[in-house]
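Accompanying notes for the structure given below.
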Amino acid sequence: MDLKEASYMVLSESAPYAELRSVAQAVHDDFSAGREVPYVALKGILAEASRKGVLGKLKQRYGYDTFCEMVIVLGRETDRQRTIAGDLPSRRRSDSR
């Protein structure tokens, strides 16, 4: 599954939610045109889809394996971009001495 297909899955169930539909459409259009989508938008559509119950509907519609693949594809791209941007939170080591 590629990013275009993964974003289409979210778009396909987002019709009842205007804001999610708008963002999902923009993300899908960018991927379709070969443009990179900022990780903030990817993170946003996954978070909003979760809040609206769309992820559950996607899991029912496409099945567990396809659903997981979609989440992994979008999540990996989000993480890849965050790593490149250096936008990962720093980890604190706790000394247990």
Side-chain angles (χ1 to χ4, degrees):
M1 177 177 301
D2 63 15
L3 291 163
K4 181 178 138 183
E5 293 168 323
S7 64
Y8 181 77
M9 285 177 65
V10 176
L11 178 60
S12 72
E13 291 292 331
S14 66
Y17 312 102
E19 187 174 322
L20 176 59
R21 183 183 66 242
S22 175
V23 174
Q25 183 69 60
V27 166
H28 178 68
D29 290 348
D30 283 347
F31 282 138
S32 295
R35 294 185 292 264
E36 189 171 274
V37 175
Y39 77 87
V40 176
L42 299 176
K43 182 177 150 185
I45 66 169
L46 284 174
E48 189 64 18
S50 177
R51 277 192 291 274
K52 300 294 185 189
V54 170
L55 294 182
K57 292 176 186 176
L58 289 170
K59 190 174 172 183
Q60 288 176 339
R61 180 176 181 181
Y62 292 101
Y64 179 79
D65 292 338
T66 302
F67 167 78
C68 285
E69 189 175 352
M70 182 263 313
V71 172
I72 289 169
V73 165
L74 293 173
R76 281 187 181 154
E77 179 62 12
T78 302
D79 287 346
R80 182 191 71 79
Q81 287 187 33
R82 285 183 68 202
T83 301
I84 291 170
D87 198 18
L88 292 173
S90 60
R91 295 182 185 223
R92 294 184 182 185
R93 266 187 22 192
S94 62
D95 292 345
S96 56
R97 295 184 217 197

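What's counted below: heavy atoms across the whole structure, side chains too, no hydrogens, waters or symmetry copies. This chain uses plain numbering: 1 for the first residue, then up along the sequence.
Counting heavy-atom neighbours within 6.0 Å of K57 NZ, excluding the residue itself, gives a total above 12. Remark: E5 CD is packed, more than 12 non-hydrogen atoms of other residues, nucleotides or ligands lying under 6.0 Å away. Heavy-atom neighbours of Y8 OH from other residues, nucleotides or ligands within 6.0 Å: at or below the threshold of 12.
The CD atom of E69 lies 4.5 Å from the CE atom of M1; values are rounded to the nearest 0.5 Å. In this structure, D79 CG and I72 CD1 are separated by 11.5 Å, a value rounded to the nearest 0.5 Å. Here the CD atom belonging to E48 is positioned 5.5 Å from the CD atom belonging to E19, to the nearest 0.5 angstrom. Note: R35 CZ to D29 CG = 7.5 Å, rounded to the nearest 0.5 Å. Annotation: the span from D30 atom CG to L3 atom CG amounts to 11.5 Å, rounded to 0.5 Å.
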Inset, instruction - Decide yes or no on side chain to side chain contact (heavy atoms under 4.5 Å, CB included) for D2 and V73, but give the supporting numbers first. - result: CA-CA 7 Å; D2 63 15; V73 165; over 6 Å; no

Inset, instruction - Applying side chain to side chain contact (heavy atoms under 4.5 Å, CB included), run through F67 and L55 and close with a yes or a no. - result: CA-CA 8 Å; F67 167 78; L55 294 182; 3.9 Å; yes

Legend entry - M70 vs V10, side chain to side chain contact (heavy atoms under 4.5 Å, CB included): CA-CA, chis, key distance, verdict: CA-CA 9 Å; M70 182 263 313; V10 176; 3.9 Å; yes

Inset, instruction - Check step by step if side chain to side chain contact (heavy atoms under 4.5 Å, CB included) holds for L58 and S12. - result: CA-CA 9 Å; L58 289 170; S12 72; 4.2 Å; yes

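Under a 4.0 Å N-O distance rule, the pair E36/R80 qualifies as a salt bridge.
L11 and V54 fall into different hydrophobic clusters, where Ile, Leu, Val, Met, Phe, Trp and Tyr side chains are chained together by heavy-atom contacts under 4.5 Å.
Pairing each heavy atom of K52 with each of Y17, the nearest pair is O-OH, 3.3 Å. In terms of heavy atoms, V27 sits closest to A41 at CG2-CB, 4.0 Å.
At least one donor-acceptor pair under 3.5 Å links the side chain of H28 to the backbone N or O of K4. Between the S50 side chain and the L46 main chain, no donor and acceptor come within less than 3.5 Å of each other. Without hydrogens or angle criteria, R21 side chain to A15 main chain gives a donor-acceptor distance under 3.5 Å. With hydrogens and angles ignored, the 3.5 Å screen pairs a side-chain donor or acceptor of Q81 with a backbone N or O of V37.
Within the 4.5 Å cutoff, the side chain of R51 has no heavy atoms near those of the L20 side chain.
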